[in-house]
Amino acid sequence: MSGRINIVQGDITKLAVDAIVNAANSSLLGGGGVDGAIHRAAGPQLVEECRTLGGCPTGEARITRGYRLPAQYVIHTVGPVWDGGAYGEANLLANCYRNSLALAVERGIQTIAFPAISTGIFGYPIADATRIAIRETLHFLANHETPAQVTFVCFGDEVYHAYQRLLAEAERETGEKDESM
Ligand code: AR6
């Protein structure tokens, strides 16, 4: 399963994958962080299409074309704002990964790249968010033949190292489970 997962460092707007995921807000009309970068790189037609969608609740996902991006599609998902962890944040963040991947399957998307949703402006602790991203993705890939490849795009060393460490940890745990079966 983990052979279908890549961890890279860099700018998600540069990736020539079928779909990149945007860490949006519920208006879907743009913002700062990766959302701002995606809208700038895609050009003004992206916000025009987003305007027709009528927003998106936290944890859900919507799809648009990618316009000037190398990626064909943008999957917009809305992560939770971190508020200490007692307000369903973990479940909402897990839903972002599940719903984005389900939309990818529906559209026949083979290659998809995720930023570290909620870990910037929305303040989610990086290790906790990374654990959820990896757990949900491994679980989804175990049950679906597509997407063929999921890339986690890390902006900065801290996020990159968290993904590497936690993916290795998840692989060890899966290996131990397999051996005991
Ligand atoms: N490529 C990859 N990752 C990036 C890029 C990029 N070009 N730019 C930033 N990141 P954030 P959130 C990383 O703040 O926390 C917006 O205003 C960043 O370092 O973009 O979900 C929206 O409209 C961090 O690790 O998203 C919402 O209002 C991760 O992407 C709000 O921010 C997510 O950081 C969403 O906040």
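Side-chain atoms are counted along with the backbone in the values below, which use heavy atoms only and exclude waters and symmetry mates. For ligands, and for the atoms within them, numbers begin at 1 and follow the listed sequence.
Every atom of ligand 1 with a heavy atom of Gly10 under 4.0 Å away is listed here by number and element: 1 (N), 2 (C). Remark: ligand 1 atoms within the under-4.0 Å shell around heavy atoms of Gly32 are 16 (C), 17 (O). For ligand 1, the atoms lying closer than 4.0 Å to a non-hydrogen atom of Asp35 are 22 (C), 23 (O). Each of the following atoms of ligand 1 lies closer than 4.0 Å to a heavy atom of Asp11: 1 (N), 6 (C), 7 (N).
The ring pair (Phe, Tyr, Trp, His ring centres under 6.0 Å) check on His144 picks up Phe140, with sequence neighbours excluded.
In terms of protein heavy-atom proximity, atom 32 (O) of ligand 1 is closest to Ile121 CD1, 3.3 Å. Closest to atom 3 (N) of ligand 1 among all protein heavy atoms lies Phe155 CB, 3.5 Å. At the shortest separation from atom 21 (O) of ligand 1 among protein heavy atoms lies Ser118 N, 2.8 Å. The shortest contact between atom 1 (N) of ligand 1 and any protein heavy atom is with Ile12 N, 3.0 Å. Protein heavy atom nearest atom 33 (C) of ligand 1, with residue, atom name and distance: Ala116 O, 3.2 Å. Of the protein's heavy atoms, Phe122 CG, 3.3 Å lies nearest to atom 36 (O) of ligand 1. Of the protein's non-hydrogen atoms, the one nearest atom 26 (O) of ligand 1 is Ala23 CB, 3.7 Å. From the protein, the heavy atom lying nearest to atom 15 (O) of ligand 1 is Gly120 N, 2.8 Å.
Proximity of a side-chain donor or acceptor of Thr58 to a complementary backbone N or O of Val78 within less than 3.5 Å is not detected.
The minimum heavy-atom distance linking Thr64 with Leu53 is given by the pair CG2-CD1, 3.7 Å. Nearest approach of Gln110 to Asp18, heavy atoms of both residues: N-OD2, 2.8 Å. Minimum heavy-atom separation, Tyr163 to Ile134: O-CD1, 3.7 Å.
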Task: Verdict with supporting geometry, Arg62 and Leu28, side chain to side chain contact (heavy atoms under 4.5 Å, CB included) - done: CA-CA 9 Å; Arg62 302 286 185 267; Leu28 298 185; 4.0 Å; yes
- [ ] Evaluate the criterion side chain to side chain contact (heavy atoms under 4.5 Å, CB included) for residue pair Val150 and Phe114; output intermediate values, then yes/no.
- [x] CA-CA 8 Å; Val150 176; Phe114 282 93; 3.8 Å; yes
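Some N or O of Val34 is nearer than 3.5 Å to an N or O of ligand 1, by distance alone. Considering backbone and side-chain atoms together, Thr13 places no N or O closer than 3.5 Å to any N or O of ligand 1.
In this structure, the side chains of Phe152 and Asn6 stay at 4.5 Å or more apart for every pair of heavy atoms.
At a cut-off of 3.5 Å, with distance as the only test, no side-chain donor of Glu136 or Asn95 sits close to an acceptor on the other residue.
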